[in-house]
Amino acid sequence: MSTITRRIIPAIAIAGTMMLVATGCVAGENAKADDDNDAAASGEWSSDTLSIDFATYNPLSLVIRDQGILEEILGDDVEVEWIQSAGSNKANELLRSGSVDVGSTAGSAALLARANGSPIQVIDIYSQPEWSAIVVGPDSGIASLEDLKGASVAATKGTDPYFFLLQALEEGGLSLADVEVQNLQHADGRAALDGGSVDAWAGLDPIMAAAEVESGDKLIYRNVDFNTYGFLNATEDFVTNHPDLAQAVVDAYEQAREWALENPEETAALLAEVAGIDPAVATTVIQERSNLDVSGIPGEDQVAVLEKIAPVLVESGDVQGGQESVDKALSTIVNDTFAKNAVGDE
């Protein structure tokens, strides 16, 4: 297990005041705030369990889990349950079902989920990645977006690669009607491409980077602007009723970010181990396609990216309630309280 110089922020000490400033809280809930202050004074957390995901597309989650950062912050009084997310769609399912309190998604996937009624908010930004592209096999005759007309394309609906595909098709003068989308989980999409059952794949790192090296697959279209940020999301119930734990999670992410930036080789090695990929592939993902040196505070930059995605979501027909639901989600999805506290920007 790696080591880290830990900068433990006493999240428990701010539990009471968090209830008054977190988005969606009622300012008049003084009784609840007093209860939290009493809990902080007695050294107690608001729950004895915390369920959180880890994902290979979220390197900071791997650092936190590997090094026991959360467990050290919370001590023996809170049991931390780690559940792996195979994609943003799976993380959203875990959040919606209550299987996790905090989950990792792409920004587009978070917006889609909230627009469709999932009561989640982004509480931290874990990366600004270029983690998706359009991928074809080594011997494919598809060399451009225009060549995708009539092709079968693997993509995981509800994730950044899927929305990347929608934007790429538009860029190439095509629409969803011009291709046949096979809704497959990310790893299955790669397998389908390598097996010849689809013509192209909307890929996701680190699986995509491994496909380049191991299978000779080619990225025919890349566009960093079509990738949305890495969102760390929590349910509104969690941030309202357990702000001390939400703060502990964000504090842990800030510690992990600091360590990962100082130790890129070790971070890549950890990704290689968890994802089961070659260390050289993991190094490409961490050092070339994962911008971890980004502010963890969600805000205007992320909303601006989501505003570009919004018309794509509406036109896709995947949002119940259309534009009105997307606009409402855009105006309520950000909760910057915990990240500001973590970095001392209040």
Side-chain angles (χ1 to χ4, degrees), residues 11 15 18-29 32-33 35-36 45-47 49-53 55 58 61 81 83 85 87-126 157-160 163 228-250 253 296-299 302-303 305-307 309-310 313-314 316-341:
M18 290 297 301
M19 288 303 301
L20 299 179
V21 296
T23 300
C25 295
V26 178
E29 292 180 341
K32 179 66 176 174
D35 289 344
D36 285 337
W45 298 94
S46 61
S47 175
T49 60
L50 170 65
S51 296
I52 186 170
D53 81 339
N58 177 359
S61 71
E81 180 185 17
I83 300 176
S85 291
S88 294
N89 60 323
K90 296 301 182 182
N92 275 326
E93 290 174 10
L94 291 169
L95 284 162
R96 185 182 287 274
S97 67
S99 298
V100 297
D101 302 306
V102 183
S104 319
T105 74
S108 58
L111 179 62
L112 174 65
R114 185 161 181 95
N116 280 328
S118 182
I120 61 171
Q121 293 182 317
V122 52
I123 60 173
D124 192 68
I125 301 300
Y126 59 83
K157 287 190 174 182
T159 69
D160 234 26
F163 297 117
T228 58
Y229 287 78
F231 276 32
L232 188 70
N233 308 305
T235 62
E236 289 184 347
D237 176 77
F238 180 70
V239 299
T240 299
N241 295 306
H242 306 289
D244 54 340
L245 296 181
Q247 189 64 59
V249 170
V250 176
Y253 264 83
I297 302 174
Q302 289 72 42
V303 172
V305 171
L306 294 183
E307 286 175 341
I309 284 284
L313 294 184
V314 175
S316 71
D318 293 327
V319 178
Q320 303 168 9
Q323 188 67 53
E324 183 178 354
S325 294
V326 172
D327 289 343
K328 184 177 180 181
L330 277 169
S331 66
T332 56
I333 195 170
V334 172
N335 185 335
D336 63 7
T337 306
F338 305 100
K340 284 185 173 180
N341 281 331

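Treat the numbers as computed from the prediction; the structure is a model and nothing was measured.
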Less than 4.5 Å apart, any side-chain heavy atom of [X] and any of [Y]?
X    : Y    : result
L112 : I309 : no
Q121 : V239 : yes
T49  : E81  : no
K328 : R114 : no
L95  : F238 : no
I52  : V100 : no
N341 : Q247 : yes

Next on the checklist: Distance alone, cut at 3.5 Å: any donor-acceptor contact between the side chains of T337 and N335?
Outcome noted: yes

Between [atom1] on residue [X] and [atom2] on residue [Y], distance to nearest 0.5 Å:
X    : Y    : atom1 : atom2 : answer
F338 : D244 : CZ    : CG    : 9.0 Å
S46  : N241 : OG    : CG    : 8.0 Å
S316 : K157 : OG    : NZ    : 8.5 Å
T332 : I120 : OG1   : CD1   : 10.0 Å

Identify the heavy atoms of [X] and [Y] that sit nearest to each other, and give their distance.
X    : Y    : value
A310 : V326 : CB-CG1, 3.6 Å
G158 : S88  : O-CB, 4.1 Å
S325 : A115 : CB-O, 3.5 Å
A113 : R96  : O-NH2, 3.8 Å
D124 : A339 : OD1-CB, 3.9 Å
I333 : L306 : CG2-CD1, 4.5 Å

Next on the checklist: Please check if the number of heavy atoms outside E324 that lie under 6.0 Å from its CD is greater than 12.
Outcome noted: no

Item to check | Any donor-acceptor N/O pair, S97 side chain to L94 backbone, under 3.5 Å | outcome: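 Flag set: sc S97 to bb L94 pair under 3.5 Å.
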
Checklist entry - Is there a donor-acceptor pair under 3.5 Å between the side chain of N116 and the backbone N or O of Q320? => result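 Answer holds: yes.
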
Next on the checklist: With side-chain hydrogen bond (donor to acceptor under 3.5 Å, both in side chains) as the test, pick out the partner of N233 among T105, D101, D53.
Outcome noted: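 So, applying the side-chain hydrogen bond (donor to acceptor under 3.5 Å, both in side chains) to N233 and each of T105, D101, D53, only T105 qualifies.
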
Item to check | Step-by-step side-chain contact (heavy atoms from CB on, under 4.5 Å) determination, N92 to S118 | outcome: CA-CA 8 Å; N92 275 326; S118 182; 5.5 Å; no

Next on the checklist: With side chain to side chain contact (heavy atoms under 4.5 Å, CB included) as the test, pick out the partner of V122 among V334, D336, L232.
Outcome noted: V334

Item to check | Evaluation steps, side-chain contact (heavy atoms from CB on, under 4.5 Å), between Q302 and I125 | outcome: CA-CA 9 Å; Q302 289 72 42; I125 301 300; 3.6 Å; yes

Checklist entry - For D160 and T228, what are the C-alpha separation, side-chain angles and deciding distance, and is it a side-chain hydrogen bond (donor to acceptor under 3.5 Å, both in side chains)? => result CA-CA 7 Å; D160 234 26; T228 58; 2.6 Å; yes

